[in-house]
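Everything on this sheet refers to the single structure shown next.
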Amino acid sequence: MIQIKHLQKSFGKLDVLMDVNLNIKRGEVISIIGPSGTGKSTFLRCLNLLEQPTGGSIVIDGQEVLDGHVNASKLRQKMGMVFQSFNLFNHLSVLDNVCIGPVKLLGKTRAEAEAKGMELLKMVGMAEKAQAMPAELSGGQKQRAAIARCLSMDPEIILFDEPTSALDPTMVSEVLSVIRALARQGMTMAIVTHEMSFARDVSTRVVYMDQGVIYEEGTPEQIFDNPRRELTRIFVNRIRDFHYCFHSADYDRYELKAAWQNYCSKYFLSRKAVSETRRVSLSLFRLIPLDCGAVDMYFRYSEKTGELSLEVLLPPGMESVFGGMAHAVHMQQIRNVCRSIEEAVEETEIGERVRCRLVFRNLNR
Ligand code: ADP
Ligand code: MG
């Protein structure tokens with residue numbers, strides 16, 4: 001239905017979309033996830049020409065839409081969009097919001113538009129509020145009215161841009177239920193969302209966007225349970241990194257300590273986790289010389305699984321943390337509190353380096 005190739009969008013010097021490629025088939029429900037500021041909204045806005053892409057191609061039903069001949073408002077009738085901030089006409093009743101498009105743009109009579117409008121309002125649970133003004137509605141009701149308004153134009157696809165992120169937590173599920181119902185009816189949809197469990201059960205495909213490209217895509221199971229690439233893994237497991245780079249044995253201890261304490265309190269690491277990670281890193285740093293090149297240290301805490309790990313990227317040339325027999329005491333210290341210890345070679349900008357990964361036993365429980 002839609003083929004997107006090498007799509008690019010820059011705002012002046014800022015390149016937001018670098019090279020986005022995606023095909024959307026009829027009936028697909030595609031969730032788009034990824035960190036803030038990576039161009040998810042820009043991508044949706046480019047699709048229905050609310051933004052003019054700076055390069056690439058979008059073919060819809062066999063027709064190129066970026067060649068300048070396409071009527072943008074006709075295109076937007078095919079592609080409904082639901083925004084975070086509802087965008088209802090505040091001076092019109094709910095029913096008028098739902099009727100205005102069909103009457104003004106599709107040439108329907110008021111009676112036809114009202115009949116269809118009431119049907120749609122029933123579908124989203126808003127029939128009783130047909131005569132209400134938007135100001136009298138809760139956020140969840142506003143968003144359901146906005147979905148009904150979108151449907152009134154008979155779109156072929158609906159683009160949702162974080163439809164629940166402006167809502168009170170109590171109202172999120174009523175809106176998600178409506179979107180789920182649309183999915184069951186076979187509506188084609190692209191949904192930018194931070195609701196991971198929703199994305200998982202509603203989508204046919206999940207797209208992870210990062211750094212202006214589609215970094216990884218797959219079935220919900222692939223993306224959420226077995227992400228193949230690093231950034232996807234960090235995102236879906238809500239991994240919070242603490243990174244410190246040692247350039248010499250005279251590193252700034254005060255700076256490191258302050259940053260570490262900050263991290264621990266920000267993510268509520270348990271007291272036990274704080275003291276054991278400290279002991280392990282002290283042992284570890286007895287085993288690694290800090291004066292033969294950069295040593296990168298990462299603490300990674302998964303807010304999803306509670307897993308806490310410590311990774312150290314050794315300086316080029318150093319092959320293992322656990323080389324000499326003389327260090328048996330430190331190694332034992334580490335084995336006592338870690339359930340797995342792995343080392344693997346990795347290609348980096350400054351050559352091959354060994355990454356040592358220690359996973360702590362459940363410290364946060
Ligand atoms: P996301 O939806 O993934 O959070 P956005 O698409 O909103 O990301 O934004 C991506 C980047 O593009 C951000 O750095 C944002 O500041 C920038 N951006 C978005 N819209 C505009 C605009 N109209 N003018 C200039 N910069 C913009
Ligand atoms: Mg956005």
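One-based numbering, in listed order, for ligands and for the atoms of each.
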**Prompt:** Checking only N/O/S atoms, does Ser41 have one that is under 2.8 Å from the Mg ion (ligand 2)?
**Reply:** yes
**Asked** Is the closest N or O pair between Phe11 and ligand 1 shorter than 3.5 Å?
**Response** no
**Request:** Salt-bridge test for Glu128 and Arg144: reply yes if a basic N is under 4.0 Å from a carboxylate O, no otherwise.
**Result:** no
**Prompt:** Taking atom types as modelled and ignoring hydrogens, do the side chains of Asp210 and Tyr208 form a donor-acceptor contact shorter than 3.5 angstrom?
**Reply:** yes
**Asked** Under 6.0 Å between the ring centres of Trp260 and Tyr244?
**Response** no
**Request:** Return yes if a side-chain donor-acceptor contact under 3.5 Å exists between Ser302 and Glu307, otherwise no.
**Result:** no
**Request:** Check the surroundings of atom CZ in Arg238: do more than 12 heavy atoms from other residues, nucleotides or ligands lie under 6.0 Å from it?
**Result:** yes
**Message:** Tell me the protein heavy atom at minimum distance from atom 17 (C) of ligand 1, and give that distance in Å.
**Reply:** Leu14 CD2, 3.8 Å
**Message:** Just checking Phe285 against Phe246, ring centres under 6.0 Å apart?
**Reply:** yes
**Request:** Would you kindly say whether Glu64 and Ser57 are connected by a side-chain donor-acceptor distance under 3.5 Å?
**Result:** yes
**For atom 5 (P) of ligand 1, the protein heavy atom that lies nearest, with its residue and separation** = Thr42 OG1, 3.6 Å
**Item:** Nearest candidate to atom 2 (O) of ligand 1, where distance is taken over non-hydrogen atoms, out of Ser41, Gly37, Gly212
**Value:** Ser41
**Asked** Just which atoms of ligand 1 are under 4.0 Å from any heavy atom in Thr38?
**Response** 1 (P), 3 (O), 8 (O)
**Message:** Does only the side chain of Val16 get under 4.0 Å from ligand 1, or the backbone, or both, or neither? Count heavy atoms.
**Reply:** side chain
**Request:** Would you mind listing which atoms of ligand 1 come within a distance below 4.0 Å of any non-hydrogen atom of Ser36?
**Result:** 4 (O)
**Fill in**
Of all protein heavy atoms, the one nearest atom 8 (O) of ligand 1 is Gly39 N, 3.2 Å
**Asked** Can a protein heavy atom be found under 4.0 Å away from atom 15 (C) of ligand 1?
**Response** no
